[in-house]
Amino acid sequence: MAFMFLLDKAIIAAIRRSRIRLFRHSLAKYRQLPDHRRLIGRVGIHWRFQGMPMSEPKRLEAATAPVIGLSHEYPPGSEAVHVHERFGQIMYAVRGAMTVSSAHGCWVLPPQRALWIPPGIPHSFSHSRPVSLRTVYVREDVDAMPPWRSCTVLHVSALVRELILAVVCAPWDYARHSHAERLARVLLDQLTLLKEDSFYLPEPRDARAMKAASIARGDPGHLLSLQDIARRVGASDRTLDRLFAAEAGVGFGAWRRNLRLLLALERLANGEPVGLVASAVGYENPSSFVAMFKATFGATPAKYFARPR
């Protein structure tokens with residue numbers, strides 16, 4: 001066991017050295033470009049290689065490598081719904097937390113989790129504080145395409161974290177059998193070994209249920225009763241419960257509890273104290289909140305947000 005731990009440490013250290021070399025190589029290529037092609041922006045250096053300003057999907061299409069990465073620094077806010085038809089993607093925030101949404105549900109991504117989004121899935125994301133996002137794009141025809149056909153949250157290991165950062169530092173035109181391609185292949189292989197996190201918030205489709213979900217999101221402190229919300233949407237509490245059970249897989253009470261936990265995840269990931277977060281999402285005391293958190297996620301908040309090892 002001690003030998004394997006030391007071996008992992010050595011591998012991670014080697015990948016970090018590779019990341020530095022890849023970044024220096026990318027920077028050297030960038031400096032060779034004419035001045036008029038050196039675009040300045042908030043995104044990673046890799047977009048600048050393409051020369052002319054263009055939208056993100058077109059930039060991805062211009063890449064010759066099948067697995068590429070981008071680095072984004074986002075201020076608080078949100079990004080509109082968008083889709084990558086030919087690329088799956090791994091979204092990973094190295095700093096901050098964000099909520100990713102699709103027609104099927106919502107996921108919160110703290111720095112200990114990454115989200116796999118298959119090609120062709122429209123999605124958006126929001127964040128209440130600055131986020132440092134690293135995204136790896138995987139072209140749909142790549143040999144080792146990850147197997148998941150729906151959005152899947154993954155527990156990020158220290159090894160996968162370093163591999164993501166290394167791929168983000170690689171140029172978009174690396175050669176076959178190059179060092180950058182080997183790192184990308186190892187990343188795709190390691191993804192399939194990660195533990196999946198099944199917690200997410202499914203979205204209902206019925207108009208009354210959607211309105212109830214919107215009201216619940218506006219009441220994170222849980223001040224409104226189920227009956228209050230049911231009356232506002234023109235349905236009985238039993239009808240509302242049946243609608244959520246049919247469309248979201250759980251009754252409205254359970255869905256609302258999961259919403260509170262989802263909201264708590266983002267606030268905890270941003271460093272807010274447990275006591276403050278517990279109060280903000282409607283728990284009378286921190287101990288009851290921690291008990292519910294542990295029952296849902298299998299760990300206390302402190303262990304859940306521990307740095308990947």
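As a basis for the values below, the full set of heavy atoms in this structure was taken, side chains included, without hydrogen atoms, waters or symmetry mates. Quick note: residue numbers are just sequence positions, from 1.
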| task | Answer yes or no: is there a side-chain heavy-atom contact under 4.5 Å between C106 and S101? | result | yes
| said: When you measure from the side chain of R267 to the backbone of L265, do you find a donor-acceptor pair of N or O atoms at a distance under 3.5 Å? | reply: no
| Just checking, R260 and Y283: is the charged tip under 6.0 Å from the six-membered ring centre and within 45° of the axis? | yes
| query | With a 4.5 Å limit on heavy-atom distance, are the side chains of M91 and R134 in contact? | reply | no
| field | Main-chain N/O of M292 paired with T296 side-chain donor or acceptor, under 3.5 Å | value | yes
| note | Here the pair of heavy atoms bringing L240 nearest to A230 is CD2-CA, 4.0 Å
| request: Taking the side chain as every heavy atom from C-beta outward, state whether V274 and L268 have any pair of such atoms under 4.5 Å apart. | output: yes
| said: I'd like to know whether CE of M145 has more than 12 heavy-atom contacts from other residues, nucleotides or ligands below 6.0 angstrom. | reply: yes
| message | Please give me the minimum heavy-atom distance between A213 and W255, naming the atom from each residue. | response | CB-CH2, 3.4 Å
| Does the T192 side chain pair with the main chain of D189, one donor and one acceptor, at a distance under 3.5 Å? | yes
| message | Let me check something: do L201 and M210 share a hydrophobic cluster, defined by ILVMFWY side-chain heavy atoms less than 4.5 Å apart, either directly or through other members? | response | no
| query | If only atom types and distance count, is the side chain of E140 paired as donor or acceptor with the main-chain N or O of F87 below 3.5 Å? | reply | no
| Backbone N or O of A175 within a donor-acceptor pair of the S178 side chain at under 3.5 Å? | yes
| Minimum heavy-atom distance S102-P122, with the two atoms named | CB-O, 3.5 Å
| query | Would you say the side chain of V156 lies within less than 4.5 Å of the side chain of Q112, judging by non-hydrogen atoms? | reply | no
| T135 and Q89: CA distance, side-chain angles, deciding distance, side-chain hydrogen bond (donor to acceptor under 3.5 Å, both in side chains) verdict | CA-CA 7 Å; T135 307; Q89 63 185 107; 4.8 Å; no
| remark: Closest non-hydrogen atoms of V131 and A97, given as atom of the first, atom of the second and distance, are CG2-O, 3.4 Å
| query | Can you tell me how far the CH2 atom of W107 sits from the CH2 atom of W116, to the nearest 0.5 Å? | reply | 14.0 Å
| query | side chain to side chain contact (heavy atoms under 4.5 Å, CB included) between K195 and L154: does it pass, once the steps are laid out? | reply | CA-CA 6 Å; K195 181 181 177 182; L154 304 168; over 6 Å; no
| field | Min side-chain heavy-atom separation P146-L188 under 4.5 Å | value | yes
| field | T99 and H127: CA distance, side-chain angles, deciding distance, side chain to side chain contact (heavy atoms under 4.5 Å, CB included) verdict | value | CA-CA 6 Å; T99 299; H127 36 92; over 6 Å; no
| Can you tell me how far the CG atom of L243 sits from the CZ atom of R205, to the nearest 0.5 Å? | 11.0 Å
| message | Quick check: do F199 and N258 have side-chain heavy atoms less than 4.5 Å from each other? | response | yes
| Derivation of the side chain to side chain contact (heavy atoms under 4.5 Å, CB included) call for M98 and V108 | CA-CA 6 Å; M98 58 187 176; V108 168; over 6 Å; no
| said: Can you classify the ring geometry of H72 versus Y74 as parallel (below 30°), tilted (30 to 60°) or perpendicular (above 60°)? | reply: parallel
| task | Step through the shown structure and confirm whether more than 12 heavy atoms of other residues, nucleotides or ligands are within 6.0 Å of CZ on R217. | result | yes
| said: Would R113 pass as a cation-pi partner of Y304, given that its NZ or CZ must be under 6.0 Å from the six-membered ring centre and within 45 degrees of the axis? | reply: yes
| query | So, E196 versus W148: side-chain donor-acceptor pair below 3.5 Å or not? | reply | yes
| Considering all heavy atoms, the nearest V142-V138 contact | CG1-CG1, 3.3 Å
| message | Donor-acceptor check, side chain of T152 to backbone of S150, threshold 3.5 angstrom: yes or no? | response | yes
| Counting only N and O atoms by type, is there a donor-acceptor contact under 3.5 Å from the side chain of H123 to the main-chain atoms of I121? | yes
| Is the shortest side-chain N to carboxylate O distance from D237 to R231 below 4.0 Å? | no
| Distance in Å, L187 CG paired with R182 CZ, rounded so as to fall on 0.5 Å steps | 15.0 Å
| request: Side-chain contact test, heavy atoms from C-beta onward, threshold under 4.5 Å: evaluate it for E73 versus R95 and give yes or no. | output: yes
| task | Look up atom NE2 in H155 and atom CG in L194, then write down how far apart they are to the nearest 0.5 Å. | result | 9.0 Å
| Do the side chain of R232 and the main chain of I215 share a donor and acceptor less than 3.5 angstrom apart? | no
| message | Looking at every heavy atom in both F244 and G251, which two are closest together, and how far apart are they? | response | CB-C, 3.9 Å
| request: For the pair D241 (side chain) and R238 (backbone), establish whether a donor and an acceptor sit closer than 3.5 Å, ignoring hydrogens and angles. | output: no
| Student check: side-chain heavy atoms of V67 and E181 closer than 4.5 Å | no
| For S124 and E79, does a side-chain donor sit closer than 3.5 Å to a side-chain acceptor? | no
| field | E272 CD to S279 OG distance, which is reported to the nearest 0.5 Å | value | 11.0 Å
| said: I'd like to know if R242 and E247 make a salt bridge, using a cut-off of under 4.0 Å between side-chain N and carboxylate O. | reply: no
| task | Show the numbers, then the answer: is there a side chain to side chain contact (heavy atoms under 4.5 Å, CB included) between V167 and Y137? | result | CA-CA 10 Å; V167 170; Y137 295 92; over 6 Å; no
| Euclidean distance, R139 CZ relative to L60 CG, rounded to 0.5 Å | 11.0 Å
